[in-house]
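Contents: one structure, followed by commentary.
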Amino acid sequence: MGIVSPGFRGRPRQTEATLPPGQYLTEDFPVLSAGPTPRVPVDQWEFVITTETGLDHRWSWQELLALPSETPTVDLHCVTRWSKLGTSWQGVSLDTLLADVQTDAAYALVCSYGGYTTNLPLADLRDGQAWIVHRYDGGELTPEHGGPARLLVPHLYLWKSAKWVRGVRLLPEDEPGFWESAGYHDYGDPWREQRYQGD
Ligand SMILES: Nc1nc2c(c(=O)[nH]1)N[C@H]1C(S)=C(S)[C@@H](COP(=O)(O)O)O[C@H]1N2
Ligand SMILES: [Mo]
């Protein structure tokens, strides 16, 4: 069995330490979508990483499922102030997907089926910080929450976790996505309460 350090009582919950400033806890899983839910059959689904030189790296649904997967349990923080702690996912780390991608790009623009986009530094997709997830809480990821697959990048506000993810464009210069163009913060760190431009 696992080793339990003396005095360990499980991870603290519902304390200030686990909740970024200005957030409240919810047990629900609200659905927030800027438009209609796209329905993408998995036999037509693909995920594409496009480098700054225009080279495409593609995965079909079957190819994605064949990659080693991870089961992150993470806290979600939405800019509309709800946080949901300890959510369980399954998916492929961006480290795995980026392993054979040669790039000098510093930025990423994540693109979804349906046209949603969101931007972040490429470094924030690396080092065990981001996944393309296709299962949530032991079941398939439902369409409302981004199925067949979504980006999960839980250290940033949840608008960065693009639902119905289709691909990532690697870019030498930062390019704002959908909400970032509408006044949301470019980076969106919940612990620094970077909700809107100028925060
Ligand atoms: N493609 C797409 N991804 C999206 C959105 C969206 O409208 N379209 N909304 C974002 C926002 S603002 C939030 S808070 C989360 C909500 O995820 P949920 O509906 O699974 O709670 O998805 C993010 N990803
Ligand atoms: Mo959001």
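Predicted model, so just to flag it, every value in this text is computed and none were measured. Starting from 1, each residue takes its place in the sequence as its number. Counting starts at 1 for both ligands and their atoms, in listed order. When reading the values below, keep in mind they use all heavy atoms of this one structure, side chains included, and skip hydrogens, waters and symmetry mates.
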Could you go through ligand 1 and list every pair where one of its N or O atoms sits under 3.5 Å from a protein N or O, giving the atom names and the distance to one decimal?
unit_1	atom_1	unit_2	atom_2	d
ligand 1	1 (N)	Ser112	OG	3.4
ligand 1	1 (N)	Lys163	O	3.0
ligand 1	3 (N)	Lys163	N	2.8
ligand 1	7 (O)	Ala34	N	2.6
ligand 1	9 (N)	Leu32	O	3.2
ligand 1	17 (O)	Arg150	NH2	3.1
ligand 1	19 (O)	Leu32	N	2.9
ligand 1	19 (O)	Lys163	NZ	2.6
ligand 1	20 (O)	His145	ND1	2.6
ligand 1	20 (O)	Arg150	NH1	2.7
ligand 1	21 (O)	Pro30	O	2.6
ligand 1	22 (O)	Arg150	NH2	3.3
ligand 1	24 (N)	Ser161	O	3.1

Okay, side chain of Gln23, backbone of Cys78: is any donor-acceptor separation there less than 3.5 Å? yes

Positive for ring pair (Phe, Tyr, Trp, His ring centres under 6.0 Å) with His145, one of Trp164, Phe29, Trp89: Phe29

Given Trp159, which partner from the list Tyr116, Tyr196, Tyr184 fulfils the ring pair (Phe, Tyr, Trp, His ring centres under 6.0 Å) test? Tyr184

Donor-acceptor pair, Ser161 side chain versus Val153 backbone, under 3.5 Å? yes

Check residues 106-115 and write down every donor-acceptor pair under 3.5 Å in which the side-chain atom is one partner and the other belongs to a residue at least two apart or another chain.
unit_1	atom_1	unit_2	atom_2	d
Ser112	OG	Lys163	O	2.7
Tyr113	OH	Glu46	N	2.9
Tyr113	OH	Glu46	O	2.9

With no hydrogens and no angle check, is any side-chain donor or acceptor of Asp199 less than 3.5 Å from a backbone partner on Arg195? yes

